Trainee: 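Would you mind keeping the following structure in view while I ask a few things?
Everything numeric in this text was worked out from a predicted model, so none of it was measured.
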Amino acid sequence: MGNKRLRRGIAVLALALLALPAVPGTALAEPTYPFRDPHLPVQARVDDLLGRLTLDEKISWLHQYQPAVPRLGIGLFKTGTEALHGVAWSTDIDNNGAVVKARGTTFPQPVGMASTWDTDLINRVGSAVGDEARGYHAQNPRVWGLNLWAPVVNLLRDPRWGRNEEGYSEDPLLTAEISTAYGSGMTGGDPDHLKSAPTLKHYLAYNNEVRRDVTSSNVPPRVLNEYDRAAFKPAIAADAATGVMASYNLVNGRPATVDPDLATVVRGWTDQPLMNVTDAWAPNNLVASQGYYATQPEANAAIVKAGLNSFITDDTNAQPTVTALKQALATGLLTEADIDARIREILNVRFRLGEFDPGGGRHGGITPDVINSPEHQRLARQAAGAAMVLLKNSRQALPLDPARTRKVAVLGPLADTLYSDWYGADLPYQVTALDGIRERLGNSARVSGLDGADRIALKDVATGRYVSATGTTDADLVLGTGATPALVAQFDAVDWGQDVVTLRNAANGRYLGYNWGPFITRDEQPNGWYVQQQFTFEPQDDGTVVLRYVGYETKESWFAAEKYVTVGEDGALKLGASTPAAATHFSREVISSGIDRAVAAAKAADTAVLVVGSNPFINGREAHDRASTALSAGQEALVKAVVKANPRTVLVLQTSYPVTLTWEQEHVPAIVWTTHAGAETGHAVADVLFGDRNPSGRLTQTWYRSDNQLPPDLLEYDIISSGQTYLYSTAKPLYPFGHGLSYSRFRYGQARTGDRPIAADGTITVSVDVTNTGSRAGSEVVQLYTHQRTSRVKTPIRQLKAFQRVQLAPGQTRTVTLRLPAAELAHWDVTRSRWVVESSTYDLMVGASAEDIRARTAVRVRGETVPARDLSRPTRAENFDRYAGVRLVDETKARGTSVGATAAGQWISFAGSALRPGAHTFTATVARAGADAGTIQVRLGSPTGRLLGTATVPSTGDDYRYVNVSAELARAAGTHDVYLVFDSPLRLADFAIR
């Protein structure tokens, strides 16, 4: 089929070439090239344009800023406009790559969008984002490119990940459904005529920020295929994305920037060409921080061969990339054919975007009028409301009755403030919780607002002078010269947790910040890459405090030792001390207590609405993980005081990640969670609190009772062995995956399925009647989980396999039918490196969350029985069943995975291995960089079980220089668990026992 289309395309192209006008002596200002003919097949147009580009032009297009080719009438094409939950920002090549922020529609953070569990809604959101991308592109195509870097599909296996808000879920199916919906909306639903070109971030196994460019994610084959790849494949397979971005980290010892998956596995998921991109500056990391290649030409050649099309590096300066690529060509590391392969893929995406069609193609007529349109504002309000999750509602504390709720105190640091985030736009307008509640209740109600922050003054105990603001520009220095604690010397201190506070000046409302030297009060919010508005108070033995600056750049190795604030001779604040003893000591004078004011307001109100949570720029973000998921001590103290003062308190928790809320869950009557949900947050809060919207959001992550329920090491990527996420964790959570309450109640009938066994290529159908037994209409998210009763391997405790949102009127019953192809019960069989559906009984559990199962049934599936391992065949060492201590490492820099032992006593095991009668030789492919020889022991049953023999591993002088070794074994026919035990650092690629 494909070859026939190609032959037809070539024929049409030949006819088009013959048809070109040829008038002697006439110069055409704009030649009508075949590549501009939208009636030709895309591949024919690609071939025509590729043939017209020079080698230099093709090389230049491998940088993020693909330069114009004026002789062909081609303009600049830029990869990368950020669009995680709305068009957020891009960079300006005409202004040294400066960030240009959007001011369009901002939807809830991705973790909030996923909590809607509503793929139709998210598809509409994606479509709106695609429209606005087109609108911005119409304004300035040199800034606003149509290659959108979204969505993030990295799985949220650990809520301490600093970028938790960017992802969707800890579950691969839910992540796949939401990302496919969002991406399909952005593309316009027709992969041949793209509205925009989404790029999935970040391939692969990327969940840590600290030292992210040099840490390696240890991902055994089952986790790799069943978990991490499973999140990426569906959107690519559905043509809801046009490529992936390689992550910063290493995966099994190899930098993801040169992961061979990008040219093989990922491209095998679709028939459409993909345009893959590096992450920012990642090409340089290969030579610098990672030291993986000795030179940039070697690194760049490897990137191209690994399947990446766009180098995102050196900001707007393409010359280093171009120079290194030309050197790679000159030295034979690359061929022009390698370059052509990547340019063909780039061109395919550009053609599908309509760039070379008259008027910009199908979507070229979209104008800037769509940006923040009333229609999109309404959609943002709907999405923000749908994202809210009712966590607790005892004694029907919610919804509030607007007719009887006439005095409301809206309290907390997020009561009258909305925050954007690093991948969010500047909000064009703001409806805060306070605004939304005031609007809902009208002028006849009394609605007050307080942030609950202590208002303080800092007096230099040595001089008796106060720290004071002098203005709001870069030139207005903060001085320690105030004679009195006047308003300019007063600051509202908000505790964000982990000892971080922000200081907002009471006179000008701006935040104290460092600004690379002079302290100023310029910024309306904590922001910027380094977030230079963060401080810590460190109490001293003499009763004073010193002020430590903890902006994010202080965590960098290059930051100076002076991190403590001093008052200079000129009176200006500066970083002048490396120890508390040398810092200026201040008395922290409380002008007024935030808790006291909040308590007074709560006592005077019918209802207190507490809005607490996180600041996306402070509580973890790109390059910064969280040490804890606890609510800040200051905010928790505020909650406890207000609840004591007024038992009719509702807690609205606004965060980018799960929070440990054990006290609040026990004592607060009603708790609602929302992520940072954009300009319409306040309307959404009021809609839910007063019952204008029946909450229907569901959690997409497990909410743990304490940090102790998480692995000690954030870098533990093997969720199966470590028991992470709802799939494998046995810990009792605070709120389970899928949890979310409603103002309605839903009754489930019996789950029904056929009695007959199902073949592995069949479909399982589960039906259940769901009844709304409440007094108001509501939506239930019916969730289907499965559990495999018997298996050769450890399988999930339960796993989401399907879900359906159903809207029910009061008293209405509907039959919900969930269909599951039996093939989706497969797991990765490490014995044969392929998917397998095992013959087993599978429990089918239908309910309202992973823990709230309302109906059960079971089905027998006729699949396979995994045979005993045949170790007489070469066996890849990475395909072990269990392990202790070893790491997975790169076999070569280009491809392959080996097992790397790092210390004596580490081992790998191969369960159920059939040893043939007469087998007495162990052979292995090994490498050892160390000077001395090492050994591999072959044992049965356990790491200390019967010793069959020992193979000596000689020094090969290099981790990538492998040799074959062998050892005689004692005979041991039959089926056994075989253990390979290492005595020292070495690498094992494969082995056999014959």
Trainee: Could you measure the distance from the CG atom of Leu844 to the NZ atom of Lys801? Nearest 0.5 Å is fine.
Mentor: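 Leu844 CG to Lys801 NZ: 11.5 Å, rounded to 0.5 Å.
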
Trainee: Does a salt bridge link Arg747 with Asp769, judged by any charged N lying under 4.0 Å from a carboxylate O?
Mentor: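 Not counted as a salt bridge, because no side-chain N and carboxylate O are separated by less than 4.0 Å.
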
Trainee: Any donor-acceptor pair under 3.5 Å linking the side-chain atoms of Thr702 with those of Glu170?
Mentor: yes

Trainee: If we ignore angles and hydrogens, is there a donor and acceptor under 3.5 Å between the side chains of Thr786 and Gln799?
Mentor: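 The answer is no; no qualifying pair exists.
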
Trainee: Are the charged groups of Arg229 and Asp261 less than 4.0 angstrom apart, N to O?
Mentor: yes

Trainee: Which atoms form the tightest heavy-atom contact between Tyr842 and Glu838, and what is the distance?
Mentor: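 Scanning both residues, the minimum pair turns out to be OH-O, 2.8 Å.
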
Trainee: Between Arg876 and Glu891, is there a side-chain N and carboxylate O pair less than 4.0 Å apart?
Mentor: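 Salt bridge present between Arg876 and Glu891.
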
Trainee: Using 0.5 Å steps for rounding, measure from the CD atom of Gln804 to the CZ atom of Arg819.
Mentor: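 The CD atom of Gln804 sits 9.0 Å away from the CZ atom of Arg819.
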
Trainee: Whether the Tyr717 and Asn208 side chains hold a donor-acceptor pair (N or O, under 3.5 Å, no angle test) is what I'd like checked.
Mentor: yes

Trainee: If we ignore angles and hydrogens, is there a donor and acceptor under 3.5 Å between the side chains of Ser216 and Arg887?
Mentor: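 Note: Ser216 and Arg887 side chains miss the donor-acceptor criterion.
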
Trainee: Carefully, step by step, assess Asp829 and Arg834 under the rule salt bridge (Lys or Arg N to Asp or Glu O under 4.0 Å).
Mentor: CA-CA 5 Å; Asp829 177 19; Arg834 67 172 177 84; 5.5 Å; no

Trainee: Any chance the rings of Phe880 and Phe910 have centres within less than 6.0 Å?
Mentor: no

Trainee: Do Gln109 and Ser656 get their side chains close enough for a donor-acceptor pair, meaning under 3.5 Å?
Mentor: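 Result is yes, a qualifying pair exists.
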
Trainee: For residues Thr831 and Asn879, is any side-chain donor paired with an opposing acceptor at under 3.5 Å?
Mentor: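 The answer is no; no qualifying pair exists.
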
Trainee: So that I can tick it off, tell me whether Glu864 and Arg832 are bridged by a salt bridge, with the cut-off set at under 4.0 angstrom between side-chain N and carboxylate O.
Mentor: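 Result for this pair is yes, salt bridge flagged.
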
Trainee: Using a distance-only test with no angle check, is there a side-chain donor-acceptor pair under 3.5 angstrom linking Asp171 and Tyr726?
Mentor: yes

Trainee: What pair of heavy atoms forms the shortest contact from Leu988 to Ala877, and how long is it?
Mentor: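 Closest approach of Leu988 to Ala877, heavy atoms only: O-CB, 3.4 Å.
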
Trainee: Judged by modelled atom types alone, do Ser849 and Glu851 share a side-chain donor-acceptor pair under 3.5 Å?
Mentor: no

Trainee: Can you confirm whether the side chains of Tyr979 and Arg882 place a donor and an acceptor under 3.5 Å from each other?
Mentor: yes

Trainee: Looking only at side chains, do Thr865 and Ser839 share a donor and an acceptor under 3.5 Å apart?
Mentor: no

Trainee: Considering all heavy atoms of both residues, which atom of Lys794 and which atom of Ile720 are nearest to each other, and what is their separation?
Mentor: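 Looking at all heavy atoms of both residues, the closest pair is NZ-O, 2.7 Å.
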
Trainee: Could you tell me whether the side chains of Asn164 and Gln701 share a donor-acceptor contact shorter than 3.5 Å?
Mentor: yes

Trainee: Using the side-chain hydrogen bond (donor to acceptor under 3.5 Å, both in side chains) rule, take Tyr227 and Arg222 through it: C-alpha gap first, then chi angles, then the decisive distance, then the call.
Mentor: CA-CA 8 Å; Tyr227 195 63; Arg222 280 194 62 203; over 6 Å; no

Trainee: Let me see the working for Ser840 and Thr790 under side-chain hydrogen bond (donor to acceptor under 3.5 Å, both in side chains), right down to the final yes or no.
Mentor: CA-CA 6 Å; Ser840 181; Thr790 58; 3.0 Å; yes

Trainee: Indicate whether the side chain of Ser706 and that of Thr660 have a donor and an acceptor atom separated by less than 3.5 Å.
Mentor: no

Trainee: Which heavy-atom pair separates Thr700 from Ser169 by the least distance, and what is that distance?
Mentor: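 For Thr700 versus Ser169, the nearest heavy atoms are O-OG, 2.9 Å.
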
Trainee: Under 4.0 Å between a side-chain nitrogen and a carboxylate oxygen: does that hold for Arg916 and Asp870?
Mentor: yes

Trainee: Are Asp239 and Thr270 close enough that a side-chain donor and a side-chain acceptor fall under 3.5 Å?
Mentor: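 Side-chain D/A pair, Asp239 to Thr270: present.
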
Trainee: If we ignore angles and hydrogens, is there a donor and acceptor under 3.5 Å between the side chains of Glu345 and Asn276?
Mentor: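 Glu345 vs Asn276: no donor-acceptor pair found between side chains.
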
Trainee: Do Glu878 and Pro220 come close enough that some side-chain heavy atom pair is under 4.5 Å?
Mentor: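 The answer is no; the side chains never approach within 4.5 Å.
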
Trainee: Could you give the distance from OG (Ser729) to CD1 (Ile797), rounded to the nearest 0.5 Å?
Mentor: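 Reported value, rounded in 0.5 Å steps: 6.5 Å.
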
Trainee: Given the rule in the salt bridge (Lys or Arg N to Asp or Glu O under 4.0 Å) test, do Arg869 and Asp881 qualify, once you have shown the distances and angles that lead to the verdict?
Mentor: CA-CA 11 Å; Arg869 282 185 181 269; Asp881 287 293; 3.3 Å; yes

Trainee: So, for Tyr206 and Trp161, is the gap between ring centers shorter than 6.0 Å?
Mentor: yes

Trainee: Under 3.5 Å, is there a donor on one side chain and an acceptor on the other for Asp718 and Ser721?
Mentor: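 A pair is found: one side chain offers a donor N or O, the other an acceptor, under 3.5 Å apart.
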
Trainee: Do you know which two heavy atoms are closest between Pro151 and Tyr182, and how far apart they sit?
Mentor: CB-CD2, 3.8 Å

Trainee: Tell me, please, which residues at least two apart from Phe803 pass ring pair (Phe, Tyr, Trp, His ring centres under 6.0 Å).
Mentor: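 Once residues adjacent in sequence are excluded, the partners of Phe803 under the ring pair (Phe, Tyr, Trp, His ring centres under 6.0 Å) criterion are Trp117.
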
Trainee: Return yes if a side-chain donor-acceptor contact under 3.5 Å exists between Asp990 and Thr925, otherwise no.
Mentor: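 Yes.
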
Trainee: Would you say Asp271 has more than 12 foreign heavy atoms packed within less than 6.0 Å of its CG?
Mentor: no

Trainee: State plainly whether the residues Arg157 and Glu716 are in salt-bridge range, i.e. N to O under 4.0 Å.
Mentor: no

Trainee: Do Asp977 and Ser909 have a side chain donor and acceptor closer than 3.5 Å?
Mentor: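 No.
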
Trainee: Can you name the residues that form a side-chain hydrogen bond (donor to acceptor under 3.5 Å, both in side chains) with Arg789, not counting sequence neighbours?
Mentor: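 Here the qualifying residues are Asp843.
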
Trainee: At what distance, to the nearest 0.5 angstrom, does CH2 of Trp907 lie from CG of Leu980?
Mentor: 11.0 Å

Trainee: Indicate the atoms forming the closest heavy-atom contact of Ala235 with Ser179, along with that distance.
Mentor: CB-OG, 4.1 Å

